[in-house]
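For reference, the structure is listed below as structure tokens.
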Amino acid sequence: MTSPIWHPFTQHGLQPIMTHIDRAEGSYLYRSDGQRIFDGISSWWVVTHGHCHPQLVAAAQEQAGKLDQVIFAGHTHGPAERLAAQLVALAPPGLDKVFYSDSGSTAVEVAVKMALGYWYHQGEPQRQKLIVLEHGYHGDTIGTMSIGERGVFNQAYSPLLFDVLSIPFPAPGQEEASLQALHDHLSAHPDQIAALIVEPLVLGAGGMFMYGPETLAAYHKICTDHNVVFIADEVMTGWGRTGTLFACEQAGIAPDILCTSKGLTGGLIPLAATLCQNRFFDAHYSQDRAKMFFHSSSYTANPIACAVGDANCQIWQDEPVRDRLQALTHMQAQHLKALATQEGFSNPRQQGTITAIDITVPDQGYLSEIAPKLYHYFQSHGLLLRPLGNSVYVMPPYSTTQDDLDFLYNVLSNAPNIL
Ligand SMILES: *Cc1c(COP(=O)(O)O)cnc(C)c1O
């Protein structure tokens, strides 16, 4: 029987059959036939503490029976208030306002609208240009595609995408060129730049490219010196992936605006938040209704999602999450080191709990023939890994054990032999 479902980022012509999952627990997904699959990519980077963490499940169940949903314009509720207070306390200093939405893309759209609205209401409406990082990814809506890397993913929609200024990725040894490019854009367009948006330390969907905290700090300093809004898209890097709760902590910086989603609810339910400094709120504060922040989605600050987010913050306080991150980071480093010495692998890289390595092939890039072959090889071994072109990355939940990783890297080390 054919399904009416059109799946995301899936070529149905090549992959007609979907893997049917019945349940999940900890670091594993369970198929209908009972076979288990190790979730090596945290189900698209969202699951942090492991699947179906009992406290998160309980929070969702309890809240669902009490207050399911309420319009968030003109209304508020306990879960949203409690979560906002926790977020302000956990985030880098100065991020004192919280705007809720439902996904990473919307968190980024909100950030961009906050920055542009800020300049507009400050009487600098000419500040409209955005600067972005090469290989960046911020989502799949028209706005977030516009500020992301252009390529096969968005070619069909290019007539609708708006122009941005781009700076080169700060690959090792090329940091100065990237910083210089930022300087050059700022001098070439005085008083026209609204904001710089970056994924801190790790550029995820663009290819798991990694750069150092010194460069991140330098971007932030340049923006501050030039009075340009600094937006950190921590949708993927947040909630421990890079070893600290937020990646910006490692650079000792507090962004002007921070986007968070994926791990915000531990991966249990969709929710996003855009945190900003008071000045963005203040710029929209008025007795004039024409100056309000014109943004919402129907489910903004859904109580069930907020209750789960609140429970997630509680887990970060009650459980030794940071110790787990440290242990996972260490185990990942050991395995990556061993793998890097093997034939067929190159460019090993790691940032906290995330590792990535390239498999040597003649055709590189996202559409590399190797990616689907690898995907099926991993699946047939009970492993969920989804290579970006010829780059394989491992981003497991924090419930992952040494045995799990032994198994994963054993399968991975054999990957070049299947080609
Ligand atoms: C995943 C991701 C997004 C988009 O999030 P969605 O929830 O898929 O809309 C935005 N930015 C970054 C850095 C991401 O990794």
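Both counts, for ligands and for their atoms, begin at 1 and track the order of listing. This structure is a prediction, so every number in the text was calculated from the model and none was measured.
- If you number the atoms of ligand 1 from 1 as listed, the ones under 4.0 Å from a heavy atom of W45 come out as 15 (O).
- Within a 6.0 Å sphere centred on CG of D163, heavy atoms belonging to other residues, nucleotides or ligands number 12 at most.
- Listed by atom number, the atoms of ligand 1 under 4.0 Å from K262 heavy atoms are 1 (C), 2 (C), 3 (C), 14 (C), 15 (O).
- Residue contacts with ligand 1: E234 is excluded, as none of its non-hydrogen atoms falls under 4.0 Å.
- Residue M236 approaches ligand 1 through these ligand atoms, each under 4.0 Å from one of its heavy atoms: 15 (O).
- Within the 4.0 Å heavy-atom criterion, both parts of Y137, backbone and side chain, lie near ligand 1.
- Between F407 and F38, the ring planes are perpendicular. Angles over 60° get that label, and only those under 30° would be called parallel.
- No more than 12 heavy-atom neighbours from other residues, nucleotides or ligands sit within 6.0 angstrom of CD on E176.
- Residue E199 approaches ligand 1 through these ligand atoms, each under 4.0 Å from one of its heavy atoms: 13 (C).
- Residue V108 places no N or O, backbone or side chain, under 3.5 Å from any N or O of ligand 1.
- Taking distance alone, with nitrogen or oxygen atoms compared against 3.5 Å, D233 approaches ligand 1 more closely than that limit.
- Close contacts between ligand 1 and S103 involve ligand atoms 7 (O), 9 (O) [criterion: under 4.0 Å to a heavy atom].
- Ligand 1 is never approached by W44 to a heavy-atom distance shorter than 4.0 Å.
- Below 30°, between 30° and 60°, or above 60°: for H135 and F209 the angle between ring planes is below 30°, a parallel geometry.
- On a distance-only criterion, S105 and ligand 1 share at least one N/O pair closer than 3.5 Å.
- Taking each of L271, T106, V235 in turn, the one with a heavy atom nearest to atom 3 (C) of ligand 1 proves to be V235.
- Seen from the ring of Y30, R23 counts as a face-on cation partner, given the 6.0 Å and 45° thresholds.
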* **Worked check of side chain to side chain donor-acceptor pair (under 3.5 Å) between Y28 and D404** => CA-CA 10 Å; Y28 286 87; D404 294 334; 2.6 Å; yes
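- By the 30° and 60° cut-offs, the orientation of the rings of H295 relative to F293 is parallel.
- Each of the atoms 4 (C), 5 (O), 6 (P), 7 (O), 9 (O) of ligand 1 lies under 4.0 Å from some heavy atom of G104.
- Side-chain atoms of R386 and Y375 form no donor-acceptor pair, as typed in the model, at a separation below 3.5 Å.
- Note: H335 and Y409 have parallel aromatic rings, judged against thresholds of 30 and 60 degrees for the angle between ring planes.
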